[in-house]
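Working notes for the structure below.
Remember, it's 1-based here, ligands and their atoms both numbered in the order they're listed.
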Amino acid sequence: MEHYDGGCTCRYVRYRMTSRPLFVHCCHCRWCQRETGSAFVLNAMIEADRVELLEGDVEVVDTPSNSGKGQKISRCPRCRIAVWSNYAGGGDAVRFVRVGTLDEPDRLPPEVHIFTQSKQPWVILPPDTPAFEEYYKAAEIWPAQSLERRAVLLAKARN
Ligand SMILES: [Zn+2]
Ligand SMILES: [Zn+2]
């Protein structure tokens with residue numbers, strides 16, 4: 001099975017995504033700009049049970065979010081690098097893995113650009129990747145396989 005390994009900067013935390021993610025977001029919102037100290041964040045959305053902690057552990061930090069409902073950011077307890085987060089919407093079942101913490105981040109380029117209304121003006125988006133001023137509907141742009149995986153998650157959440 002295709003997998004993706006990553007970890008923090010001090011190498012205490014090592015993790016593995018055991019399959020391709022559901023979808024890869026590039027978020028240009030002000031909140032992500034502030035959290036990364038950069039122009040955008042790259043998040044690979046994936047089922048929590050497809051992320052294995054290989055070494056170390058994470059410290060979960062409750063952090064305010066744009067929705068007002070907060071997000072939980074999982075960080076290395078030593079070097080404090082954020083490796084993934086959970087948002088209120090997807091709950092604990094979906095992780096947003098920080099693509100920049102993968103050993104080979106080049107393997108997961110963004111599949112959508114969101115909150116482009118606050119995109120840094122010097123960031124030029126590729127014309128063939130979907131882009132939205134705010135958010136979007138998964139049903140409109142996700143591949144069928146990811147939508148099927150999402151349906152499984154939603155069914156689990158209802159039970
Ligand atoms: Zn670390
Ligand atoms: Zn954002």
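With the Zn ion (ligand 1) at the apex, Cys10 SG and Cys76 SG define an angle of roughly 110° (rounded to 10 degrees). Here the angle centred on the Zn ion (ligand 1), running from SG of Cys8 over to SG of Cys79, is 110°, rounded to 10°. Geometry at the Zn ion (ligand 2): SG/Cys29 and SG/Cys27 form an angle of 110°, nearest 10 degrees.
In the model, Asp103 has no side-chain atom that pairs as donor or acceptor with a side-chain atom of Tyr4 under 3.5 Å. Residues Arg50 and Ser19 have side chains that bring a donor and an acceptor to within less than 3.5 angstrom of each other.
Placement of Val41 and Val83 in two distinct hydrophobic clusters is found when ILVMFWY residues are connected by side-chain heavy-atom separations under 4.5 Å, directly or transitively.
At least one donor-acceptor pair closer than 3.5 Å links the side chain of Gln33 to the backbone N or O of Ser118.
For Cys32, the nearest N, O or S atom to the Zn ion (ligand 2) falls under 2.8 Å.
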